[in-house]
Protein chains: 2
Amino acid sequence: MAAIAEWPQSDAGADRLPLYRRIADELRRDIAEGRLAPGASLPTEHELIRRFGVSRGTVRQARAALRAEGTVGGSQGRVFSVKGAPITQPLGELISFTSWASGLGRQPGARVIDFGPEPISADAADALDLPSSARCWRLERIRTLDTLPVMIERTVFPDEIGTMLQGADLSIRSVYAELEARGIVVATARHRISAVAADATDAGLLDIPRGSPLLRVERRGLDRDHQPIEWSIDTYRGDRADFEIENSAAAPTLARRLDEGGA
Amino acid sequence: MAAIAEWPQSDAGADRLPLYRRIADELRRDIAEGRLAPGASLPTEHELIRRFGVSRGTVRQARAALRAEGTVGGSQGRVFSVKGAPITQPLGELISFTSWASGLGRQPGARVIDFGPEPISADAADALDLPSSARCWRLERIRTLDTLPVMIERTVFPDEIGTMLQGADLSIRSVYAELEARGIVVATARHRISAVAADATDAGLLDIPRGSPLLRVERRGLDRDHQPIEWSIDTYRGDRADFEIENSAAAPTLARRLDEGGA
DNA sequence: GTAGCATTCTTGTATAGACAAGTTGCGCGA
DNA sequence: TCGCGCAACTTGTCTATACAAGAATGCTAC
């Protein structure tokens with residue numbers, strides 16, 4: 001049973017980890033990197049025992065760790081299967097369209113429709129916690145995946161943030177990457193998700209019929225001091241994207257809202 | 001080692017539970033009922049071995065279960081200690097339509113369209129992690145606020161959960177309240193939110209034109225052991241409700257998904 | 001063809017023993 | 001008295017084995 005010695009020696013520090021951790025890590029990597037898709041079967045205990053040259057208890061310990069995370073599931077008699085990739089990215093990554101696209105292996109794109117300073121709207125002043133006399137910057141872009149239009153992004157930045165973005169090539173680099181390079185980090189974000197019908201403008205921009213269902217995501221991004229960084233309304237094609245949320249009892253973050261207008 | 005025979009025989013059904021579960025349950029009770037206060041030390045492995053007359057592995061399994069819940073913590077060399085009372089109230093409140101409506105000061109209502117046992121669909125078997133031969137219970141309801149239809153709820157329960165709901169008045173009391181009264185608690189939930197157009201059926205049920213935008217929320221509710229409790233697809237009138245999510249960097253739980261079908 | 005049974009596979013539960021690693025506390029020596 | 005080190009204790013890691021229970025599969029009998 002000399003299988004351990006034949007493991008990839010790449011990560012230098014890894015050889016001090018217990019065996020079951022290394023097995024769990026390898027399986028977790030397989031899941032995160034897509035070699036084991038959700039719904040797929042994990043190797044059976046016997047296979048893992050042979051592959052890693054360890055005892056059954058060790059294999060079971062490894063899989064128990066993954067199960068405790070909710071990453072995989074199984075029950076007596078049935079092969080373990082992948083339930084879903086663990087969500088562990090930093091918040092900026094989660095919000096950024098660019099990071100999202102890259103993670104999917106798609107080519108993110110952006111077509112800037114409008115970018116410049118302008119007087120602030122009442123809604124924006126409210127959302128960004130600014131006086132109605134303040135100046136702000138407005139950015140409107142079409143976001144694409146492999147050239148397919150997926151989302152319309154309409155963002156308002158406070159003046160000092162917008163100024164930072166001046167001169168940046170907003171059709172390529174992520175706004176978040178740009179801001180992070182200047183020490184601005186999104187620490188908290190509030191989202192409000194709703195469904196709307198496409199009006200004539202959005203239908204044209206997204207190349208869909210009028211009235212098609214759209215996923216509208218309103219976002220307020222705040223820094224560590226709860227200072228508003230951006231207020232954005234992203235409008236996704238309903239047939240191209242949806243959102244996934246995990247709530248644990250420890251971090252209850254999803255709430256329903258009633259739109260009073262419709263009564 | 002005849003300690004098992006001397007256990008309290010009170011709960012009649014408990015004797016079919018595995019040993020480690022019974023030990024974990026007893027410790028959990030000790031914590032919940034204050035006999036073991038936060039900060040206090042748990043019995044050592046040796047004490048538990050003697051007290052229950054089991055082997056070390058079994059005791060370790062019991063404590064591993066508590067640790068996975070975050071109820072207790074320990075590390076090598078140090079005695080296990082209580083970290084906090086196990087959570088028994090939480091996430092259900094956020095998810096429950098009834099709680100939501102009450103919080104808004106509205107009168108929640110439900111009209112049961114269908115409730116009963118039936119063979120499981122492939123999707124449901126997948127979501128609930130059940131064999132395709134399993135039986136399940138399907139519940140379909142129209143949810144109302146002050147008699148206005150707001151949402152269609154289509155839920156599938158595993159057999160043992162559905163059986164519990166038999167006889168309950170599902171047009172009044174919250175399903176979650178009903179389950180909680182029986183010791184079933186939603187500890188984790190995964191939501192997937194998307195926008196769809198109303199088909200003829202849903203348009204009729206919600207009293208809106210065909211093609212109207214709807215907010216579709218697919219939810220998998222899991223208990224502390226990540227065992228699926230329910231799989232539900234809730235369809236909201238787009239003009240009556242939206243969702244709010246707060247993300248902090250500490251608890252990043254929102255992810256975007258790409259719907260591959262639309263390319 | 002199909003229902004039902006039996007086999008086989010996979011996971012769950014439990015025990016026992018061995019060694020490693022970290023913590024705590026006691027006692028001894030300076 | 002103070003500090004160091006050893007010893008005892010506690011948990012972590014790992015192996016090996018045995019039997020039970022649920023699931024999937026294939027085969028047989030009808």
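Within every chain, numbering begins at 1; the chains are lettered A, B, ... in the order of the sequence lines, protein sequences first and strands thereafter.
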query: D:dT10 P sits how many Å from B:I49 CD1, rounded?
result: 11 Å
query: For B:Y20 and D:dA20, what is the distance between atoms OH and C1' respectively, to the nearest whole Å?
result: 14 Å
query: Could you state the NE2-C1' distance from A:H46 to C:dT11, rounded to the nearest angstrom?
result: 14 Å
- line: Comparing nearest nucleotides in DNA chain D, the 5'-proximal residue of the pair B:L42, A:G77 is B:L42
field: N-O pairing of A:R22 and A:E26 below 4.0 Å
entry: no
task: Choose from C:dT15, D:dG12, C:dT13 the nucleotide whose nearest atom is closest to any side-chain atom of B:Q61.
output: C:dT13
- prompt: Taking only N and O in the side chain of A:T58, is any of them less than 4.0 Å away from OP1 or OP2 of D:dT15?
  reply: yes
- prompt: Do the side-chain N and O atoms of B:D123 and B:S121 include a donor-acceptor pair separated by under 3.5 angstrom?
  reply: no
- prompt: Is the closest basic N to carboxylate O distance between B:R220 and B:D129 below 4.0 Å?
  reply: no
- request: Grab the CG-P distance between A:L19 and C:dA21 for me, whole Å please.
  value: 13 Å
- line: To the nearest angstrom, the CZ-P distance between B:R67 and D:dG12 comes to 5 Å
Whole-Å gap separating P (C:dT15) and CD1 (B:I23): 8 Å
- prompt: Going by heavy atoms in the side chains, are B:W137 and B:T163 under 4.5 Å from each other?
  reply: yes
statement: Of C:dT11, D:dC14, C:dT24, the nucleotide closest to the side chain of B:R78 is C:dT24
Donor-acceptor pair under 3.5 Å, A:R56 side chain vs C:dG12 base: yes
message: Does C:dT11 have its OP1 or OP2 closer than 4.0 Å to a side-chain nitrogen or oxygen of A:R60?
response: no
- request: Measure the shortest side-chain to side-chain distance between A:F52 and A:L19 over non-hydrogen atoms and say whether it is less than 4.5 angstrom.
  value: no
- prompt: How many Å lie between CD on B:E45 and P on C:dA21, as a whole number?
  reply: 17 Å
Gap between atoms CD and P, on A:Q76 and C:dG12 respectively (whole Å): 7 Å
